[in-house]
Amino acid sequence: MPAALAPYGLNALTGWLITVIGCAFLAVTLSNLARAFPKDDGPYSYTKRAFGDGVAFTVMWCYWVSTWVTNATIAVGVVGYLTVFIPALNNSPWLPPVTALSLSSTRKCVSAIWIE
């Protein structure tokens, strides 16, 4: 992403600043909702309380899809950066996806061990 934004100069910094502010507002909003409705489970419950089951399902389905897309994007980006340090990743078409899956699995295993 930084390389893609480089041609835009300082405008890219403005974009990052707007994104950070949006994330902060989202975090404050969710923390206020958690304090106001401590027995609710999260965004699904908040949306269901305000708009009903159909809208809550749609919101969480969109969230679920965005999570999958984000994880795939992160995996592609990490392996893309790794090819600079490990050029052998470019030698075979199956090596980058296997590397991404291995890194993802390793991260999950380490997280599970850390939590226990």
Side-chain angles (χ1 to χ4, degrees):
M1 179 117 159
L5 293 175
Y8 300 107
L10 290 178
N11 291 335
L13 292 177
T14 305
W16 281 105
L17 181 65
I18 291 170
T19 301
V20 167
I21 291 170
C23 289
F25 279 133
L26 185 60
V28 169
T29 300
L30 288 175
S31 69
N32 287 337
L33 285 169
R35 272 191 232 113
F37 307 110
K39 293 187 180 192
D40 284 355
D41 291 333
Y44 177 81
S45 297
Y46 306 143
T47 308
K48 181 179 174 184
R49 179 186 292 268
F51 303 109
D53 284 327
V55 174
F57 173 80
T58 303
V59 165
M60 289 314 293
W61 183 82
C62 291
Y63 173 75
W64 181 71
V65 169
S66 72
T67 301
W68 277 96
V69 170
T70 300
N71 286 338
T73 304
I74 290 170
V76 168
V78 166
V79 173
Y81 281 117
L82 281 177
T83 58
V84 173
F85 301 110
I86 308 169
L89 288 173
N90 287 327
N91 293 344
S92 174
W94 59 268
L95 201 51
V98 168
T99 304
L101 288 171
S102 299
L103 291 172
S104 176
S105 298
T106 303
R107 182 184 60 85
K108 289 176 186 170
C109 290
V110 169
S111 297
I113 291 169
W114 182 264
I115 290 172
E116 292 177 1

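Values below: every heavy atom of this structure, side chains too, minus hydrogens, waters and symmetry copies.
- A continuous path of hydrophobic side-chain contacts links Val78 to Phe85 [ILVMFWY only; heavy atoms under 4.5 Å].
- Contact record, Tyr46 with Ala34: OH-CA, 3.2 Å, taken as the closest heavy-atom pair.
- Once rounded to the nearest 0.5 Å, the distance linking OH of Tyr81 with CD1 of Ile86 reads 15.5 Å.
- Tracing side-chain contacts under 4.5 Å through hydrophobic residues (I, L, V, M, F, W, Y), one never reaches Val59 starting from Phe37; they form parts of separate clusters.
- A distance of 10.0 Å separates OG of Ser31 from CG of Leu26, quoted to the nearest 0.5 Å.
- Between Leu13 atom CG and Ile18 atom CD1 the span is 11.0 Å, to the nearest 0.5 Å.
- Linking Ile, Leu, Val, Met, Phe, Trp and Tyr residues whenever their side-chain heavy atoms come within less than 4.5 Å leaves Val28 and Phe25 in two separate clusters.
- The heavy-atom pair separating Ser45 from Asp41 by the smallest distance is OG-N, 3.2 Å.
- In this structure, the separation between CG on Leu89 and OG1 on Thr83 is 6.5 Å, given to the nearest 0.5 Å.
- Using a 4.5 Å cut-off between side-chain heavy atoms of Ile, Leu, Val, Met, Phe, Trp and Tyr, with links allowed through other members, Val76 and Trp94 fall into different hydrophobic clusters.
- Closest approach of Met60 and Pro43 over heavy atoms only: SD-CB, 3.9 Å.
- Leu103 places a side-chain heavy atom less than 4.5 Å from the side chain of Leu82.
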